[in-house]
Amino acid sequence: QVQLVESGGGLVQPGGSLRLSCTTSGIIFSFYGMGWYRQAPGKQRELVADITSSGSPNYADSVKGRFTISRDNAKNTVYLQMNSLKVEDTAVYYCNAGIRRVPGTYWGQGTQVTVSS
């Protein structure tokens with residue numbers, strides 16, 4: 001069974017930091033590209049950052065310079081370090097795993113990030 005489990009969300013003040021983790025099982029982790037997506041109420045799910053199987057990162061313009069995606073293949077885990085958080089970063093953050101040009105990806109259950117004063 002494939003499982004992706006996110007953790008690390010919570011309530012922070014603007015300007016604060018959080019580190020999200022997504023631990024996977026049931027996949028050959030090193031073969032997969034990993035992504036972080038977020039969805040705010042009433043909005044479409046959007047890509048925040050992703051990282052290829054070889055470790056190359058990509059970021060949405062809205063988070064560039066503030067967020068860092070990384071992966072630890074030995075731990076089957078992908079991370080999202082979020083710094084200088086803004087109110088507009090508030091959303092449920094989801095982990096995703098997929099293989100390039102192979103339809104069908106895996107999703108985690110999501111973790112809530114709330115940025116509020």
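Sequential numbering from 1 along the given sequence is applied to the chain's residues.
- Screening residues 6-19 for side chain to side chain donor-acceptor pair (under 3.5 Å), with sequence neighbours left out, gives Glu6-Gln109, Ser17-Asn83.
- Screening residues 18-39 for ring-ring contact (aromatic ring centres under 6.0 Å, His included), with sequence neighbours left out, gives Tyr37-Trp107.
- Counting only residues at least two apart or in different chains, salt bridge (charged side-chain N to carboxylate O under 4.0 Å, His left out) contacts with residues 95-110 are absent.
- Listed by chain and number, the residues in a side-chain contact (heavy atoms from CB on, under 4.5 Å) with Lys64 are Tyr59, Asp61 (sequence neighbours excluded).
- Considering only residues two or more places apart in sequence or on other chains, Ser25 meets the side-chain contact (heavy atoms from CB on, under 4.5 Å) condition with Gln3.
- Applying the side-chain contact (heavy atoms from CB on, under 4.5 Å) rule to Ser30 yields the partners Ile28, Asn73; only residues at least two apart in sequence or on another chain are considered.
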What pairs of donor and acceptor atoms, side-chain ones from residues 110-117 against any protein atom, are under 3.5 angstrom apart with sequence neighbours left out?
| unit_1 | atom_1 | unit_2 | atom_2 | d |
| --- | --- | --- | --- | --- |
| Thr111 | OG1 | Gly9 | N | 3.3 |
| Gln112 | OE1 | Thr114 | OG1 | 3.3 |

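- With sequence neighbours excluded, the residues that form a side-chain hydrogen bond (donor to acceptor under 3.5 Å, both in side chains) with Ser54 are Thr52.
- The side-chain hydrogen bond (donor to acceptor under 3.5 Å, both in side chains) test applied to Thr23 returns Thr77, not counting sequence neighbours.
- Scored by the side-chain hydrogen bond (donor to acceptor under 3.5 Å, both in side chains) test, Asp89 finds Arg38, Arg66 as partners (sequence neighbours excluded).
- For the side-chain contact (heavy atoms from CB on, under 4.5 Å) test, residues two or more places apart in sequence or in another chain that qualify with Val102 are Ile99.
- Within 6.0 Å of CD on Gln44 lie no more than 12 heavy atoms contributed by other residues, nucleotides or ligands.
- Counting only residues at least two apart or on different chains, no ring-ring contact (aromatic ring centres under 6.0 Å, His included) pair has a member in residues 74-101.
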